[in-house]
Amino acid sequence: MRIEGIYRKALKIALIYLVLSALYIIFSDRIVNNLFQDAEQIGKIQTYKGFGFILVTSAIIFILVYRELLIQRNKNALILEQKKQTEELYEKIRETNIELIKAKEKAEENDKLKTAFLQNLSHEIRTPLNGISGFASLLKDQHYADDKRRRFADVIIKSSEQLLSVVSDIITINIA
């Protein structure tokens, strides 16, 4: 698309140049031939006219080319600025992605630690509860001797103390 635009612009300038040049040559030759009769004078004037034409057209071409170069330089500067902004944005996105990956890994690690903690907590609570429950049901059985029943009661008391200690530790952790 950009090349087509440049091509059309260059073609338009070339056509305008050809038309103006042809008109200049035709009309200036008529004027010179009508004003002067001496061939030597006409030759000199034609030479000066040619140099003048070259100078004017060179200046016009220089201005047009210089203008296009300035436009192109401004577009290039804009493109470079956009590229810089895009690179800065990409860098921010990359840094954010790194932070997100670290946060995800930390969350996964925390989840594993939480799971391990809850499994350990479950074990620490169930073990004394099983002792209390099991030995309490044995106490109901009347055919055990008193000394065995006292040992059962001791196990129940010891398991209750362990359970109380675990619950106290949990409450202390939650308060802190």
Side-chain angles (χ1 to χ4, degrees), residues 1-32 44-133 159-176:
M1 187 68 176
R2 175 79 176 129
I3 293 175
E4 287 180 12
I6 292 171
Y7 175 75
R8 286 183 185 155
K9 199 172 205 177
L11 185 60
K12 185 177 176 181
I13 290 170
L15 289 174
I16 291 171
Y17 175 74
L18 285 173
V19 169
L20 291 177
S21 298
L23 291 173
Y24 173 77
I25 291 169
I26 291 169
F27 289 115
S28 66
D29 282 350
R30 283 189 184 171
I31 292 170
V32 168
K44 286 181 181 179
I45 291 172
Q46 292 289 19
T47 302
Y48 294 135
K49 185 180 76 161
F51 282 136
F53 182 75
I54 290 171
L55 286 173
V56 170
T57 55
S58 296
I60 292 171
I61 290 172
F62 173 79
I63 291 168
L64 291 174
V65 169
Y66 185 73
R67 182 177 163 266
E68 282 301 312
L69 289 174
L70 286 177
I71 291 170
Q72 191 60 41
R73 186 180 74 184
N74 290 340
K75 287 180 182 179
N76 288 345
L78 181 63
I79 289 169
L80 288 174
E81 180 61 29
Q82 289 173 339
K83 181 181 177 190
K84 181 182 173 187
Q85 290 173 353
T86 301
E87 288 171 352
E88 289 171 357
L89 184 61
Y90 173 76
E91 183 61 27
K92 287 180 184 177
I93 290 170
R94 191 183 68 75
E95 289 171 3
T96 301
N97 282 341
I98 289 171
E99 290 172 9
L100 288 173
I101 289 169
K102 288 178 182 178
K104 178 184 171 241
E105 289 171 353
K106 186 174 182 179
E108 289 172 348
E109 183 181 344
N110 286 342
D111 188 53
K112 288 177 186 176
L113 290 172
K114 181 189 78 170
T115 301
F117 173 76
L118 290 176
Q119 288 174 343
N120 189 34
L121 187 64
S122 173
H123 173 74
E124 292 296 324
I125 291 174
R126 289 177 188 218
T127 300
L129 276 176
N130 284 335
I132 293 169
S133 175
S159 294
S160 297
E161 289 170 352
Q162 285 177 342
L163 183 58
L164 182 61
S165 174
V166 169
V167 170
S168 292
D169 289 346
I170 293 170
I171 291 172
T172 303
I173 289 172
N174 283 333
I175 291 174

In a table with atom names and distances, give each donor-acceptor pair under 3.5 Å that connects a side chain of residues 15-23 to protein atoms at least two apart or in another chain.
unit_1	atom_1	unit_2	atom_2	d
S21	OG	Y17	O	2.7

Ignoring hydrogens and angles, write down the donor-acceptor pairs under 3.5 Å from the side chains of residues 48-64, residues two or more places apart or on other chains.
unit_1	atom_1	unit_2	atom_2	d
K49	NZ	S28	OG	2.7
K49	NZ	D29	OD1	2.4
K49	NZ	Q46	OE1	2.7
T57	OG1	F53	O	2.8
T57	OG1	I54	O	3.2
S58	OG	I54	O	2.7

Under 3.5 Å, side-chain donor or acceptor atoms of residues 115-124 against the rest of the protein: list the pairs with distances, not counting sequence neighbours.
unit_1	atom_1	unit_2	atom_2	d
T115	OG1	D111	O	2.9
S122	OG	R126	NE	3.0

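For the residue pair E81 and Q85, a side-chain donor N or O sits within less than 3.5 Å of a side-chain acceptor on the partner.
E109 pairs by the side-chain hydrogen bond (donor to acceptor under 3.5 Å, both in side chains) definition with nothing, not counting sequence neighbours. When the side-chain hydrogen bond (donor to acceptor under 3.5 Å, both in side chains) test is applied to R94, the partners found at least two apart in sequence or on another chain are E91. For E108, the side-chain hydrogen bond (donor to acceptor under 3.5 Å, both in side chains) test picks out K104, with sequence neighbours left out.
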Can you list the steps and then say if L89 with I93 is a side-chain contact (heavy atoms from CB on, under 4.5 Å)?
CA-CA 6 Å; L89 184 61; I93 290 170; 4.1 Å; yes
Would L70 and R73 count as a side-chain contact (heavy atoms from CB on, under 4.5 Å) if you check the C-alpha gap in whole Å, the side-chain angles of each, and the deciding distance to 0.1 Å?
CA-CA 5 Å; L70 286 177; R73 186 180 74 184; 3.6 Å; yes
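To the nearest 0.5 Å, the span separating NZ on K75 from CD on E68 amounts to 7.5 Å. In this structure, CD1 on I26 lies 12.0 Å from CD1 on I31, to the nearest 0.5 angstrom. Residue I79 holds its CD1 atom at 11.0 Å from CG of N74, rounded to the nearest 0.5 Å. Distance check: K84 NZ to E87 CD gives 9.5 Å after rounding to the nearest 0.5 Å. Here the NZ-CG distance, from K102 to L100, works out to 11.5 Å after rounding to the nearest 0.5 Å.
Checked by atom type and distance alone, the side chain of S165 never pairs as donor or acceptor with a backbone atom of E161 at under 3.5 Å.
Summarising the geometry of I125 relative to V166, their closest heavy-atom pair is CG1-CG1, 3.7 Å, with the distance given to 0.1 Å. Residues S159 and G131 come closest through the heavy atom pair OG-CA, 4.0 Å.
Contact of the I101 side chain with the I98 side chain is not registered, since no non-hydrogen atoms from C-beta on lie closer than 4.5 Å.
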